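Before any comments, here is the structure.
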Amino acid sequence: MDQQRRGEDKRAREKRAPSIADFLIQFRWIVVIPVILPLSFLFYQLVRWLPTIWTLLHGLPSEESHRAAVERVRRRVKQRDPQRDGLVCTARRPWLGVALRNAEHKRGARYEVDLGELRNVVWIDRRRLLIKCEPMVTMSQLSAATLPFGVAPEVLPELDDLTIGGVINGYGIEGSSHIYGLFAETCSAFELVLADGRVVRATADNEFSDLYKAVPWSHGSIGLLVGVEIRLIPVKEFMKVTYTPVVGSLAKIAEVYEDLFCPRDLDQDNPEKVPDFVEGIVYSGSTAVITTGRYATREEAARKGNVINDFGWWWKPWFHIHAQSALERGTFVEYVPVRSYYHRHTRSLYWEGGLIVPMGNHPLFRLLLGWLMPPKVSLLKLTQTDGIRKYYIQRHACQDMLVPNHKLAACLEFCHENFETYPLWLCPHRLFKTEMGTMLDCEPGFSSNKQPGDTDYAQMWTDVGIWGVPGPVLRCEVWDGVQATKNMEKWLRDNRSYQCLYAEVEQSEGEFWQMFDPSLYNAVRNKYGAESAFMSVYYKISNCKKGSKHGKKD
């Protein structure tokens, strides 16, 4: 019945006439390969060597050098005249962000504060399993700094370019989030410069515990994040990766996915039953591959009969293409060097790289030019015209939906009807119960009616990542990206789920605060004077800028 209904929907859609934008997008690789890729490579090298250059000029990063940089930020904030100057924002150029959404809030009057100096790992404490970093440190820097010592962050988002400040103020998730939660929940302390120029250290149990709970997802609308202490765990050199193919309905895909990491006896804290990493890639309405990973020693990986595959090399097939081979091969297991596994989606930008460079996964291209990948999102944004940006909003899907695990099957059906965009990304995460009015929280009463994956203190959710060209667009049919986003937002509100705010947001302010709880956020903004200094989170991320600027619920 579902397949029949889907077929009828396809036939009913009106065809659309091709446009010049279609042509420009289809053949943008003509500019990307000879221009954007070399510039991206140079940019990545600059970012890679900046810490070394900084060390040569200023010496090794230390708590003292960090305090000096923070003092310059504090002075700048303190010098602001609220009567004359605009609202505070960072001086980072909008195009430098990884998110596809442009920072429209930076177009008007603003008081810029430069955080560009804050790009160093300050210290690593192997005894306490903590690392202190500044907000501009990238995920690539983070793994490079920790893995030589046999430790790593509990959660390490896959893309090299993501910054610590971005994944805390915004959104950070990874395949280990089903154990440790979102990236912000693995941080033990946030160091902030507040609107009045005070520098405070917020933890879960000190006098600034309300700040600690309110910073995640606030998008810099409470204070300027200048330092972060992140928990570490001991890790081994390899990841034992198991690829499990699934063929069947979307409901079956959701069921197999859940069974691989959610014991039906609710023994969710038993490491023997729960793998270290989980990820699902749904390739169509009837096929998927679920990968699970467990840390493994070099000795185990080298045992006779085991297969070692370092797919981090530029000549190797892209990870999602490699994983898809399980649909033909059946279940298989291999051992991957842990850093290659952590950053497995960087080279292909998940699967968006194939849209930008269509021949990017061809063996000859990988061999000759694969070392130039990926194109830097920032440079792509910099060279985008308003027309191309509007095209992406209307003809391209780039959204993440956070849903309780027990609603995943229904969510996948909705995604097929509304977007029909494949592959889809599935990444589970624990949402820890706070009952403090945080923007994100568990479903009420979940602990008294536990589903597989739930515990007394946390509920299991899944990120459904929708990135790519929808089926109707590929078939040259009419498809309205703005309306599809509005449909998605309504579905999420109706199902007490969440939209990730790095993407295009089409909700009204009232709808936004129906989805997210403003209680703690508003209280903290009022208590620490942020309302008169920082633009509210809704105004920073939304396309619909109407109503109050202070995050009030309609």
Side-chain angles (χ1 to χ4, degrees), residues 66-82 85-92 97 103 105-106 110-119 122 132-137 163-172 182-185 187-230 434 436-440 501 516 518-541 549-552:
H66 170 69
R67 281 200 296 267
V70 170
E71 175 60 20
R72 287 188 282 275
V73 173
R74 188 198 71 79
R75 284 202 306 266
R76 172 67 176 163
V77 172
K78 193 73 174 174
Q79 289 166 0
R80 172 178 172 265
D81 183 346
D85 298 320
L87 296 176
V88 176
C89 71
T90 66
R92 193 184 193 200
H105 66 281
K106 290 191 175 184
R110 60 194 183 274
Y111 186 79
E112 293 186 344
V113 179
D114 189 0
L115 303 183
E117 284 188 81
L118 298 172
R119 54 176 68 253
V122 182
K132 182 171 181 178
C133 297
E134 294 172 332
M136 298 300 292
V137 169
T163 62
I164 286 176
V167 298
I168 291 171
N169 278 294
Y171 168 64
L182 301 178
F183 183 89
E185 293 165 318
C187 301
S188 60
F190 300 135
E191 190 177 358
L192 299 150
V193 176
L194 301 181
D196 60 3
R198 278 187 296 163
V199 180
V200 302
R201 179 176 177 272
T203 70
D205 54 6
N206 72 0
E207 61 181 307
F208 300 109
S209 60
D210 52 354
L211 267 175
Y212 174 82
K213 290 294 185 183
V215 164
W217 288 62
S218 66
H219 284 257
S221 61
I222 291 173
L224 295 175
L225 186 69
V226 293
V228 186
E229 294 172 31
I230 305 164
T434 66
M436 289 181 63
T438 49
M439 285 181 67
L440 273 66
L501 303 182
F516 298 97
S519 304
L520 180 64
Y521 176 77
N522 281 337
V524 166
R525 271 175 60 84
N526 180 61
K527 178 179 177 181
Y528 295 101
E531 289 187 328
S532 60
F534 298 98
M535 184 176 287
S536 76
V537 61
Y538 175 77
Y539 272 72
K540 293 189 82 169
I541 56 86
K549 293 187 178 181
H550 302 297
K552 306 294 186 185

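Every value quoted in this text rests on a predicted model; they were computed, and no experiment measured them.
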Practice task
Give a yes or no on whether the backbone of Leu115 and the side-chain of Arg72 come within a donor-acceptor separation of less than 3.5 Å.
Solution key: no
Exercise for the section: Identify the two heavy atoms, one from Ala189 and one from Thr203, that lie closest to each other, and give their separation to 0.1 Å. Expected result: CB-CG2, 3.8 Å
Completion exercise
All heavy atoms of Gly197 vs all of Lys78, minimum pair found to be CA-CD, 4.4 Å
Handout entry: Side chain to side chain, Leu118 and His66, heavy atoms closer than 4.5 Å
Key = yes
Exercise for the section: Working to the nearest 0.5 Å, report the span between CE of Met439 and OG1 of Thr434. Expected result: 12.0 Å
Exercise for the section: Could you tell me which non-hydrogen atom of Glu117 sits nearest to which non-hydrogen atom of Glu134, and how far apart they are? Expected result: O-OE1, 3.7 Å
Problem - Between Ser221 and Tyr521, a side-chain donor and acceptor under 3.5 Å - result: yes
Exercise for the section: Ignoring hydrogens and angles, tell me if any N or O in the side chain of Asp210 forms a donor-acceptor pair with the backbone of Val524 under 3.5 Å. Expected result: no
Completion exercise
Looking only at heavy atoms, the pair that brings Pro135 and Leu225 closest together is CG-O, 3.2 Å
Practice task
Indicate yes or no for a side-chain donor-acceptor contact from Arg76 to the backbone of Glu112 under 3.5 Å, with no hydrogens or angles considered.
Solution key: yes
Practice task
Identify, with sequence neighbours excluded, every residue that meets ring pair (Phe, Tyr, Trp, His ring centres under 6.0 Å) alongside Tyr212.
Solution key: Phe190
Problem - Nearest-0.5 Å distance, CG of residue Leu182 to CD1 of residue Ile168 - result: 11.5 Å
Exercise for the section: For the residue pair Lys540 and Phe534, establish whether any side-chain heavy-atom pair is separated by less than 4.5 Å. Expected result: no
Practice task
Kindly determine whether Ile164 and Ile230 satisfy side-chain contact (heavy atoms from CB on, under 4.5 Å), including the steps that lead there.
Solution key: CA-CA 10 Å; Ile164 286 176; Ile230 305 164; 3.8 Å; yes
Practice task
Decide yes or no on side-chain contact (heavy atoms from CB on, under 4.5 Å) for Leu501 and Phe516, but give the supporting numbers first.
Solution key: CA-CA 11 Å; Leu501 303 182; Phe516 298 97; 3.8 Å; yes
Practice task
Take Tyr111 and Val77, measure what side-chain contact (heavy atoms from CB on, under 4.5 Å) needs, and give me the verdict at the end.
Solution key: CA-CA 9 Å; Tyr111 186 79; Val77 172; 5.7 Å; no
Completion exercise
Residue pairs meeting salt bridge (charged side-chain N to carboxylate O under 4.0 Å, His left out), one or both in residues 188-205, sequence neighbours left out, come to Lys132-Glu191, Asp196-Arg198, Arg201-Glu229
Practice task
Would you mind reporting whether Phe208 and Leu192 have side-chain heavy atoms less than 4.5 Å apart?
Solution key: no
Handout entry: For the student: nearest non-hydrogen atoms of Leu520 and Thr438, plus distance
Key = CD2-CG2, 3.7 Å
Fill in the blank from the handout: Nearest heavy-atom approach of Cys187 to Val228 is SG-CG1, 3.6 Å
Problem - Sidechain-backbone polar pair: Lys213 side chain, Met436 backbone, donor-acceptor under 3.5 Å - result: no
Practice task
Would you give the length of the straight line joining atom CG of Asn526 to atom CD of Glu531, rounded to the nearest 0.5 angstrom?
Solution key: 5.0 Å
Completion exercise
Residues at least two apart in sequence or cross-chain that pass salt bridge (charged side-chain N to carboxylate O under 4.0 Å, His left out) with Arg74, listed by chain then number, are Glu71
Handout entry: Residue pair Asn169 / Ser218, side-chain heavy-atom distance below 4.5 Å
Key = yes
Handout entry: Rounded distance [0.5 Å steps], CD in Glu185 versus CG in Leu440
Key = 8.5 Å
Handout entry: Among Leu87, Asp81, Val88, side chain to side chain contact (heavy atoms under 4.5 Å, CB included) partner for Asp85
Key = Asp81
